[in-house]
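Some notes on the structure that comes next.
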Amino acid sequence: MTKKLADIIKEKGPIKKIGVIGMGYVGIPAAALFADSDKFDLVLGFQRDSPSSGHKIEMINNGESPLKGEEPGLEELLKRVVNSGKFQCTADFSRIAELDAVTLAIQTPFANPKALEPDFGALKEGIRNVGRYLKPGMLVVLESTITPGTTDTMAKEILEEESGLNAGEDFALAHAPERVMVGRLLRNIQEHDRIVGGIDEVSTDRAVELYSPVLTKGTIIPMSSTAAEVTKTTENTLRDLQIAAMNQLALYCEAMGINVYDVRSGVDSLKGEGITRAVLWPGAGVGGHCLTKDTYHLERGVTMGSETLDYPEDAESIYVLARRVNDFMPLHMFNLTVAALKRLNKDIKGAKIAMLGWAFINDSDDARNPPSEPYRDIAMEAGADIKVHDPHVLDYPDVEIHRKMEDVIKGADVVLIFTGHKEYFALTPEAINSLTGKEHTVIVDGRNVIEPDAFIDAGFVYKGIGRGDKNSHDIN
Ligand code: SAJ
């Protein structure tokens with residue numbers, strides 16, 4: 001931190017003009033909320049005029065949201081701030097030069113599901129664009145999920161290289177990770193506490209000034225930029241760890257012939273200061289683009305750390321082990337399928353499998369890194385004939401997604417519940433039996449959707465995640 005930057009910012013005065021780079025599900029609500037504050041005079045949303053997303057510019061400037069799905073309050077907020085002239089979308093990145101603060105909300109996907117190296121290409125291009133038009137006294141904030149250490153190294157280096165200015169002396173630099181969930185974008189930005197981490201105190205203070213006006217219930221939690229990066233990746237790493245702990249318990253309960261949900265209720269009953277347990281839910285696997293990747297951001301961040309890590313010799317990171325346990329669950333679902341067919345002297349090869357649920361999360365069309373995909377790959381590899389149903393996912397590369405459940409269940413040997421979509425809770429033994437036409441149909445429940453006894457009594461061969469108390473039932 002230097003006095004020089006503090007003096008430049010004092011001379012410049014309060015933040016009045018803001019730029020948001022990346023008109024996606026993070027950038028659009030953030031920009032609209034900045035524009036809706038009377039603390040600020042103008043917000044520019046920057047969007048590359050590319051074939052795939054250039055259309056967003058005109059939509060936003062007409063006060064329309066280009067985002068899919070319901071976002072309560074967003075359309076009217078956009079119309080209000082666009083009509084008042086406080087928010088406009090542009091592809092002219094040179095207008096960054098007229099701003100006091102710029103945030104970057106650009107996706108950091110992974111090249112492919114197997115890749116553990118994030119693709120920072122788009123983010124780097126955005127940072128380079130900011131660097132080209134950076135002026136003394138400006139604040140730059142990264143909102144994307146990034147490997148710990150990135151703000152203070154890669155981002156700082158690109159900005160300094162492009163602008164010839166020095167971070168912490170001529171301009172402020174910070175990380176303020178997004179914590180929004182689709183369907184509640186505006187509410188999350190206003191009500192969640194906001195982690196704000198500068199590369200130095202002056203940068204942190206300037207970023208606090210930027211985000212404070214949009215918070216309603218949320219409070220600011222200031223820290224260093226690297227601590228902010230670690231906070232974001234850790235909150236998803238710990239969630240993944242908690243899920244893995246329950247998945248491992250489910251496997252143990254199956255081996256011990258007991259019901260994991262009884263154990264979960266028992267453990268969850270322990271409440272009180274500091275003794276409550278964070279029990280999540282076992283299931284068919286963990287998908288999405290947050291929990292499947294943020295652990296590896298954190299692990300990479302440790303390798304970039306300035307100090308040597310002291311850790312038990314030859315011990316694997318429990319966080320990476322948690323990822324392995326969660327990624328094992330689709331294989332466990334396959335093993336349960338094979339075991340159930342074997343009870344009927346049937347082979348997986350040639351078995352007709354009805355897979356109910358493709359999306360990675362209940363009642364959603366989001367199919368990023370779905371655990372259903374590795375199951376389908378393994379089952380097809382083993383010679384099964386698998387059909388997929390999902391009420392929300394419209395399409396998926398190289399996978400036919402059926403709209404009608406009966407088209408998938410008809411003649412099936414196995415009915416598999418992979419996603420807890422609410423439609424599946426209405427499944428009855430009679431309805432399924434009438435479609436499969438089998439004396440004994442296999443049903444494998446990956447999300448604790450059905451009541452085992454109703455199906456077992458109707459002649460089904462049942463297997464459920466964590467249901468050691470039912471998985472070896474008598475066949476009726
Ligand atoms: N899952 C389980 N058991 C659980 C909870 C989830 O198996 O108890 C599985 C889900 O089936 C899904 C995956 O984990 O396949 C991820 O589920 P999620 O509820 O964590 O949803 P995400 O991946 O969209 O996580 C996001 C994250 N939000 C951000 O990164 C801003 C996460 O930090 C939030 O905690 C989560 O939403 C949320 O709570 O909605």
Side-chain angles (χ1 to χ4, degrees), residues 72 177-185 187-195 215-223 227-228 230-288 290-292 294-295 298 317-329 332 360-364 371 417 419-422 424-425 445-454 464-471:
E178 55 87 6
R179 301 171 113 181
V180 295
M181 267 69 85
V182 289
R184 41 198 203 259
L185 298 174
R187 187 156 55 86
N188 284 171
I189 293 176
Q190 293 172 305
E191 298 181 0
H192 279 170
D193 289 344
R194 192 74 199 236
I195 309 297
L215 296 184
T216 53
K217 281 192 199 151
T219 60
I220 296 274
I221 304 178
M223 56 183 76
V230 173
T231 300
K232 170 64 188 180
T233 49
T234 299
E235 65 192 21
N236 286 337
T237 298
L238 291 185
R239 183 171 172 85
D240 194 56
L241 180 64
Q242 289 167 343
I243 296 167
M246 292 310 289
N247 280 334
Q248 179 161 330
L249 180 65
L251 299 174
Y252 282 15
C253 288
E254 286 180 40
M256 293 186 278
I258 56 172
N259 180 352
V260 71
Y261 297 99
D262 290 343
V263 175
R264 184 186 184 284
S265 307
V267 170
D268 195 35
S269 68
L270 195 60
K271 303 272 191 230
E273 304 72 39
I275 59 172
T276 303
R277 300 302 190 264
V279 280
L280 287 173
W281 299 92
V286 171
C290 306
L291 276 60
T292 55
D294 287 0
T295 297
L298 180 59
S317 154
I318 56 172
Y319 303 142
V320 172
L321 189 52
R323 289 274 65 244
R324 284 181 57 195
V325 169
N326 288 338
D327 283 351
F328 172 73
M329 298 314 284
H332 180 57
F360 88 84
I361 197 153
N362 305 351
D363 305 322
S364 162
I417 301 172
T419 312
H421 291 317
K422 61 177 182 302
Y424 303 145
F425 286 79
D445 187 355
R447 297 287 176 192
N448 193 31
V449 164
I450 62 164
E451 171 44 56
D453 289 341
I465 296 273
R467 293 308 301 265
D469 59 323
K470 297 291 179 188
N471 282 352

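Not measured: the values here are computed from a predicted model.
- When all heavy atoms of Gln242 and Ala278 are compared, the closest pair comes out as NE2-CB, 3.4 Å.
- Note on Arg179 versus Glu235: salt bridge recorded, some NZ/NE/NH1/NH2 to OD/OE distance being below 4.0 Å.
- We find the CE-SG distance between Met181 and Cys290 to be 8.5 Å, quoted to the nearest 0.5 Å.
- The closest side-chain heavy-atom distance from Val263 to Ile258 is below 4.5 Å.
- Separation of atoms CD1 (Ile417) and CD1 (Ile465) is listed at 11.5 Å; rounding is to 0.5 Å.
- Atom CD1 of Ile189 is separated from atom CD of Glu178 by 8.5 Å, given to the nearest 0.5 angstrom.
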Query raised in the report: Can Thr237 and Asp294 be said to form a side chain to side chain donor-acceptor pair (under 3.5 Å), step by step?
Result: CA-CA 6 Å; Thr237 298; Asp294 287 0; over 6 Å; no
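- Looking only at distances, no side-chain donor or acceptor of Asn188 sits under 3.5 Å from a matching main-chain atom of Val180.
- Counting heavy atoms from C-beta on, the side chains of Lys470 and Asn259 never come closer than 4.5 Å.
- Within a 6.0 Å radius of NZ in Lys217, other residues, nucleotides and ligands contribute 12 heavy atoms or fewer.
- A distance of 12.5 Å separates CZ in Arg239 from OG1 in Thr295, rounded to the nearest 0.5 Å.
- Between Thr276 and Leu270, the closest side-chain pair of non-hydrogen atoms is not below 4.5 Å.
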Report task. Evaluate salt bridge (Lys or Arg N to Asp or Glu O under 4.0 Å) for Asp240 paired with Arg323, printing each intermediate quantity in order. Result -> CA-CA 7 Å; Asp240 194 56; Arg323 289 274 65 244; 2.7 Å; yes
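- Glu254 places a side-chain heavy atom less than 4.5 Å from the side chain of His332.
- Rounding to the nearest 0.5 angstrom, the gap separating the CD1 atom in Ile243 from the CH2 atom in Trp281 is 12.5 Å.
- Contact record, Pro282 with Asn247: CA-OD1, 3.1 Å, taken as the closest heavy-atom pair.
- Distance CZ/Arg467 to CG/Asn448: 6.5 Å, rounded to 0.5 Å.
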